[in-house]
Amino acid sequence: MKTRRLVTSLAAVMLNLVTMQVNAQEAHPVWAYPTNPPDFKAASDDASIRRVPDSAAGYTLTQTRDRFAATDWHPGDHPAMPEVVAKGRKPDVFACGWCHRADGSGGPENANLMGLPYVYFVQQMKDFRSGDRKTSIAKRAPTALMIAGSKTISDAEIDEAARYFSSLKPRTNRRVVETPLVPKTTVDGWVLVDTGTGEKEPIGQRIIEVPEKPADFESRDSRARFIVYAPPGSVSRGMELVRTGAEGRSVPCATCHGPELKGTDSIPPIVGRSPSYLARQIHDIRSGARAGPNASQMKPVVENLTEGDIVAITAYLASRAP
């Protein structure tokens with residue numbers, strides 16, 4: 001009898017653990033956390049020289065994948081890169097400009113660093129280093145690489161990178177399209193990509209952010225542009241939520257991020273940014289995966305937002321010029 005009770009108790013515990021894991025996954029929307037499938041294989045290099053619009057440069061696919069060399073298609077778009085941005089430092093510190101692009105524009109898979117306040121940038125690197133800043137989905141490689149690199153990057157290198165990226169002026173690189181139907185997508189390199197089959201599916205309560213030209217994005221073109229598909233009415237509803245503090249469930253975003261939501265000396269701008277990235281930060285702060293001084297201030301602000309609120313707010317912010 002005791003054995004049977006023990007087995008029953010263990011079964012109940014295992015069921016609870018599985019339920020908790022499922023609930024944790026459901027709490028973090030798939031659209032905001034695109035994850036490569038288990039059988040994902042990156043495209044093979046045919047040794048051809050790749051090109052992107054309005055650039056005289058040329059790279060093979062293998063060269064664009066070199067984590068210790070920022071792929072610099074448009075050197076005239078930015079000042080000279082510091083060594084840590086252009087090349088990193090082997091074996092552990094990858095070139096900042098490889099992940100985040102030479103001018104810091106980034107992509108849906110990581111942060112846009114253009115114009116981030118120096119103080120904020122430095123604090124985030126400290127949070128990664130201390131373990132305060134993580135991700136709710138541990139298998140996501142972009143954040144895992146950031147955490148690993150933060151352990152060995154020097155304070156001097158952080159200073160150089162922070163000064164460089166904070167000096168760059170943000171620019172618009174995405175457009176928002178409200179629609180009830182969206183192209184069918186797949187996950188390629190931690191981002192959603194249009195399958196190109198012409199198939200459509202209901203958008204539901206999601207934002208679908210895809211590169212306009214996947215080949216240019218894959219080549220790490222810093223001028224790559226993105227389409228943000230959002231449910232009809234999202235932008236106008238998001239505007240009201242941002243201004244009113246989600247109808248009392250939060251506080252107006254301008255309270256901290258400034259009247260134009262372009263940040264302050266120590267708080268980041270939030271307009272014109274990737275909605276996928278912003279949504280991940282909201283969920284990571286709510287789950288506790290992202291902590292640290294900035295996140296602790298944000299947690300009470302975002303913890304009562306609904307999923308619909310997050311979709312509308314991030315769609316609106318993406319529609320605004322940075």
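The structure displayed is predicted, hence computed values, not measured ones. Below, each value reflects all heavy atoms present in this structure, side chains not excepted, and no hydrogens, waters or symmetry copies.
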Would you say [atom1] of [X] has more than 12 non-hydrogen atoms from neighbouring residues, nucleotides or ligands within 6.0 angstrom?
X    : atom1 : value
K213 : NZ    : no
E201 : CD    : yes
K151 : NZ    : yes

SB check [X] [Y] (cutoff 4.0 Å):
X    : Y    : answer
E307 : R206 : no
R174 : E212 : no
R290 : D132 : no
D77  : R223 : yes
D309 : R249 : yes

Non-neighbouring partners of F128 that pass ring-ring contact (aromatic ring centres under 6.0 Å, His included), sequence neighbours left out
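Per chain and number, F128 pairs via ring-ring contact (aromatic ring centres under 6.0 Å, His included) with no residue.
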Which heavy atom in A32 sits nearest to a heavy atom in A279, and how many Å separate them?
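For A32 versus A279, the nearest heavy atoms are CB-CB, 3.9 Å.
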Residues Q63, T71; criterion side-chain hydrogen bond (donor to acceptor under 3.5 Å, both in side chains); working and verdict
CA-CA 8 Å; Q63 287 176 316; T71 309; over 6 Å; no
Return a table of donor-acceptor pairs under 3.5 angstrom between the side chains of residues 87-94 and protein atoms on other chains or two or more places apart.
unit_1, atom_1, unit_2, atom_2, d
R89, NE, E157, OE2, 2.7
R89, NH2, T152, O, 2.8
R89, NH2, E157, OE1, 2.9

Centre-to-centre under 6.0 Å for Y118 and F165, is that the case here?
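Aromatic pair excluded; centres sit 6.0 Å or further apart.
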